[in-house]
Student: 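The structure is given below, and queries will be raised subsequently.
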Amino acid sequence: MPELPEVETIARELKKSVLGKKITEVCVHVPVVIRQPSVEQFKKGLTGSTIKNILRKAKVLILELSNGKALTIHLKMTGQLVYPGNGKTSRVSFRLSDGKYLDFFDQRLFADLRLLDDWRQLPFIQGLGPEPFDITAERFLEMLSKKKAKIKPLIMDQTFISGVGNLYAAEALFRARIDPQRSGLSLSDKEAVLLLKETQATLREAIVHKGSSVDNYVQLTGLPGGYAKYHKVYDREGKPCIMCKTPIKRTVLGGRGTYFCPKCQK
DNA sequence: AATGGGACCTGCGCGC
DNA sequence: TGCGCGCAGGTCCCAT
């Protein structure tokens, strides 16, 4: 499931391979993923425009175009972008001025593609909290001090902090040795600062390894990311904790599978 | 007001 | 064997 490191990986690769190219043709094989505007307007607005800039905001990819509009892509759980693709088996294909295809795939059709006049006005983006990299220790303490919600759902709340999903929330909490069920305001200052630091470090390391391919995620090249082998708790139910050998447990928290070490995380 | 659960989807893995 | 069910999770939406 693409979270900040996976989307960052794709954004960096897009900058290297499609920046400056013109979109010469758009084929929408599965219209449902185009959320805004109509498919016809989407195709018309993209065709003939050049990709001027590529940005990432939390888990959202933004391709700014020469006509002033922007293509936003949220991959949700199973979205993939592949370049160069075959232009045929995808949900949506963008033919570029180099004759190659930028292909969008999505097994479960949850993804969200939009063509917007001003991406900054997209409500989801307006509602995003700061990314972990942009938060100081002092600010994080202040943010947590009012929050009685459970810490794991809290750090996955995109309006609280943005970019962290289920996988990296579990990994960061393990590394900070914090029980996912603790409430935000129950964390000591020392624990909170450690959690922020470990969240940042986990995301950075995952970016270095080009993301975690546990589900459908692939890099732009179609190759898997390399971070999954470094996971300490995620998807490791019953396996020994790397620190203490206690079997990793799985519970459900906020409706999501939650992996943790019952001995190390207090 | 904050929290929880269902909806949106499809493919895979499991159990009978 | 083959089928049907549950599960995976990002976000929205509604109910409590």
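Keep in mind the model is a prediction, meaning the values are calculated, not measured. Scope of the values below: all heavy atoms of this structure, side chains included, with no hydrogens, waters or symmetry mates. Below, read A as the first sequence line, B as the second, and so on, with proteins coming before strands; counting in each chain starts at 1.
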Student: Once you apply the 3.5 Å cut-off to both distances, tell me the Watson-Crick or G-U wobble partner of B:dG5, or none.
Tutor: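 Partner of B:dG5: C:dC13.
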Student: Between A:K76 and A:V252, name the one whose nearest nucleotide on DNA chain C is closer to the 5' end.
Tutor: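 Nearest-nucleotide comparison on DNA chain C picks A:V252.
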Student: Please measure how far the P atom in C:dT1 lies from the corresponding atom in B:dG11, and state the result in whole Å.
Tutor: 23 Å
Student: From the list C:dA8, C:dT11, B:dC9, which nucleotide is the closest neighbour of the side chain of A:F124?
Tutor: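 Nearest nucleotide to the side chain: C:dT11.
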Student: Name the one of A:L55, A:T50, A:I54 that satisfies side-chain contact (heavy atoms from CB on, under 4.5 Å) with A:E64?
Tutor: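 Considering A:L55, A:T50, A:I54, a side-chain contact (heavy atoms from CB on, under 4.5 Å) with A:E64 is found only for A:L55.
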Student: It should be established whether A:H74 places a side-chain nitrogen or oxygen under 4.0 Å from OP1 or OP2 of nucleotide C:dG10.
Tutor: no
Student: Output the single nucleotide from C:dT11, B:dC9, C:dA8 whose closest atom is nearest the side chain of A:Y234.
Tutor: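 Closest nucleotide to the A:Y234 side chain: C:dA8.
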Student: Using OP1 and OP2 only, check whether a side-chain N or O of A:Q107 sits under 4.0 Å from B:dC9.
Tutor: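 For A:Q107, the contact criterion (side-chain N or O under 4.0 Å from OP1 or OP2 of B:dC9) is not met.
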Student: Considering every strand and a 4.0 Å limit on heavy-atom distances, what is the contact class for A:G257: base, sugar-phosphate, or nothing?
Tutor: sugar-phosphate
Student: Can you tell me how far P of C:dG10 sits from CG of A:L75, to the nearest Å?
Tutor: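 Distance, rounded to whole Å: 12 Å.
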Student: Which nucleotide sits closest to the side chain of A:R250: B:dT3, B:dC9, C:dC7?
Tutor: C:dC7
Student: Is it true that A:K69 and A:S49 share a donor-acceptor pair across their side chains at a distance under 3.5 Å?
Tutor: no
Student: Roughly how many Å apart are B:dC12 and C:dT11, using the P atom of each and rounding to a whole number?
Tutor: 24 Å
Student: Just checking, any donor-acceptor pair under 3.5 angstrom between side chains of A:E3 and A:Y217?
Tutor: no
Student: Compare side-chain N and O positions of A:K150 against OP1 and OP2 of B:dA2 and report whether any pair is under 4.0 Å apart.
Tutor: no
Student: Is the A:H231-A:Y259 ring centre distance short of 6.0 angstrom?
Tutor: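 That pair fails the under 6.0 Å test.
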Student: Kindly indicate whether the side chain of A:R35 and the base of C:dT11 share any N or O donor-acceptor pair separated by less than 3.5 Å?
Tutor: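 Answer is no: no donor-acceptor pair is held.
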Student: Figure out the CD/P separation between A:E237 and C:dA8, and round it to whole Å.
Tutor: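 In whole Å, C:dA8 P lies 9 Å from A:E237 CD.
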Student: Taking atom P of C:dT11 as reference, at what distance in whole Å does atom CZ of A:F160 sit?
Tutor: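 Distance, rounded to whole Å: 16 Å.
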Student: Map A:K147 and A:G255 onto DNA chain B by nearest heavy atom, then report which one ends up closer to the 5' terminus.
Tutor: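 Nearer the 5' end of the strand: A:K147.
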Student: What is the distance, to the nearest angstrom, from the CZ atom on A:R256 to the P atom on B:dG4?
Tutor: 12 Å
Student: Measure the distance between the ring centre of A:F110 and the centre of the six-membered base ring of B:dC8, then answer whether it is under 5.5 Å with planes under 30°.
Tutor: yes
Student: Output the rounded distance in Å from CD (A:Q80) to P (B:dG11).
Tutor: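 After rounding, the reported distance stands at 12 Å.
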Student: Grab the CE-P distance between A:M77 and B:dC12 for me, whole Å please.
Tutor: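 About 15 Å, once rounded to whole Å.
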Student: For the pair A:E171 (side chain) and A:Y234 (backbone), establish whether a donor and an acceptor sit closer than 3.5 Å, ignoring hydrogens and angles.
Tutor: yes
Student: C:dG10 C1' sits how many Å from A:L61 CG, rounded?
Tutor: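 For the pair A:L61 CG and C:dG10 C1', the rounded distance is 15 Å.
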Student: For residues 153-165 of chain A, please give each side-chain donor-acceptor pair under 3.5 Å, one per line with the distance, not counting sequence neighbours.
Tutor:
residue: A:D157; atom: OD1; partner: A:T159; partner atom: N; Å: 2.9
residue: A:D157; atom: OD1; partner: A:T159; partner atom: OG1; Å: 2.7
residue: A:D157; atom: OD2; partner: A:T159; partner atom: OG1; Å: 3.4
residue: A:Q158; atom: OE1; partner: A:G163; partner atom: N; Å: 2.9
residue: A:Q158; atom: NE2; partner: A:M156; partner atom: O; Å: 3.0
residue: A:Q158; atom: NE2; partner: A:V164; partner atom: O; Å: 3.0
residue: A:S162; atom: OG; partner: A:G129; partner atom: O; Å: 2.8

Student: What integer number of Å spans the C1' atoms of B:dG13 and C:dG10?
Tutor: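 One C1' to the other, the span is 23 Å.
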Student: Provide, to the nearest angstrom, the distance between the CG atom belonging to A:L167 and the P atom belonging to C:dA8.
Tutor: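 Result: 13 Å.
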